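For reference, the structure discussed in these notes is given below.
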Amino acid sequence: MPPETQPDSAASAAPVPVLNIANVLTVLRILLVPVFIVVLFTEGGHQSSWRIAAFGVFALAIATDRYDGVLARRYSLVTPFGQLADPIADKALIGAALVGLSVLGDLPWWVTAVILVREIGITVLRLSVLRSGVIPANRGGKLKTMVQSLAIAGYLLPLTGYWHTGAVVLMGLAVVLTVLTGADYLVQALRPRPKTA
C-alpha cells in the first residue's frame, strides 16, 4: 500500500503535547509546595489543627504524583518534560517537608541532609545526561518516594506513642532506600547509551 494511503501511521507518530492533564498535575504539585510550607509554619508549627492541615496539603500533593503517572501511562501522555518534571516535583515537595520538620526540631538534620544530598545529586545527574536521554523514575525510586511520603506524613501528624515510633521506623527505612536507589541511578547515569540520530 502506498505511503499516502496510510494516514493512521502518521497520526500515531504525532508527538504528545506538553500541555496535558498529567503534566498539569505535576505542575500543580510544584505549586502546592509553598502552600504547604506556609501552612506547616502557621502558629509556630506545632499547633495540632495546623499540623493536620499541613498533612492535608501534603497528602493532596502526593495524590497528584499517583494520578499524573497513571494518566500518563494509560492515555499515552508520557513526555520528556513529564519524565523530568515529575521527579523534580517530588524532590521539591519532599525536600520542603524534610527541611520544615528539621527547622521545627521534629526531625534530625542528618536525616534531611542525607536525603537532600541524594535528591539534589540525582537531579543534577538527570540534567547532565539530558542530551543522551532522560533517566525515568524506576520502581525503586517510586518505592523510595512512597516510603518517604508515609514517614513524613507520620511526622506531620501530631502522633504519640507507638504511632510516632512507627513513623521513626519508616523514616529509617526511607533513608536506606534513598541511599540504595541513589546508587542505582548513579550506575544508570554512567552506563553508556546508544546515540540517537
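Index from 1, following the sequence. Being a predicted model, the structure only gives us computed values, none of them experimental.
- Taking both residues in full, the closest heavy atoms of Leu159 and His164 are given as O-CB, 3.9 Å, listed atom of the first, atom of the second, then distance.
- By the neighbour-count criterion of 12 heavy atoms within 6.0 Å, atom CH2 of Trp109 is densely surrounded, having more than that number from other residues, nucleotides or ligands.
- Note that CZ of Phe58 is 10.5 Å distant from CG of Leu40, once rounded to the nearest 0.5 Å.
- The side-chain hydrogen bond (donor to acceptor under 3.5 Å, both in side chains) analysis of residues 34-61, with sequence neighbours excluded, yields the pairs His46-Asp106, Gln47-Ser49, Arg51-Asp106.
- Side chains of Leu157 and Trp163 form no contact here, defined as non-hydrogen atoms less than 4.5 Å apart.
- Here the closest heavy-atom approach between residue Thr112 and residue Ser102 is recorded as OG1-OG, 2.6 Å.
- Ile115 is not connected to Val176 by any chain of hydrophobic side-chain contacts under 4.5 Å among Ile, Leu, Val, Met, Phe, Trp and Tyr, and they are in different clusters.
- Of the options Val147, Thr165, Ile152, a side chain to side chain contact (heavy atoms under 4.5 Å, CB included) to Leu170 is made by Val147 and by none of the others.
- Closest of all the heavy-atom pairs between Gln148 and Ala174 is CG-CB, 3.8 Å.
- In this structure, Val35 is a member of the same hydrophobic cluster as Val103, with clusters built from ILVMFWY side-chain heavy atoms closer than 4.5 Å.
- Counting all heavy atoms, side chain and backbone alike, Arg118 lies closest to Thr178 at NE-O, 3.1 Å.
- When hydrophobic clusters are built by joining Ile, Leu, Val, Met, Phe, Trp and Tyr residues whose side-chain heavy atoms come closer than 4.5 Å, directly or via intermediates, Tyr155 is not grouped with Tyr162.
- When all heavy atoms of Val57 and Leu32 are compared, the closest pair comes out as CG1-O, 4.1 Å.
- Nearest approach of Leu116 to Gly95, heavy atoms of both residues: CD2-CA, 3.6 Å.
- In this structure, the side chains of Leu28 and Leu60 stay at 4.5 Å or more apart for every pair of heavy atoms.
- Exactly one of Leu150, Asp86, Asp90 qualifies for a side chain to side chain contact (heavy atoms under 4.5 Å, CB included) with Thr145. That residue is Asp90.
- Using a 4.5 Å cut-off on side-chain heavy atoms (C-beta onward), Phe36 and Leu156 make contact.
- The structure places CD1 of Ile88 at 7.0 Å from CD1 of Ile30, a figure rounded to the nearest 0.5 Å.
- To the nearest 0.5 Å, the span separating CG on Leu98 from CD on Glu119 amounts to 8.5 Å.
- In this structure, the separation between CE on Met171 and CG on Leu107 is 5.0 Å, given to the nearest 0.5 Å.
- Side-chain heavy atoms closer than 4.5 Å link hydrophobic residues (I, L, V, M, F, W, Y) into clusters, and following such links, possibly through other members, connects Leu101 to Ile52.
- The side-chain heavy atoms of Leu143 and Leu177, taken from C-beta on, include a pair separated by under 4.5 Å.
- Once rounded to the nearest 0.5 Å, the distance linking CG of Leu93 with CZ of Arg29 reads 7.5 Å.
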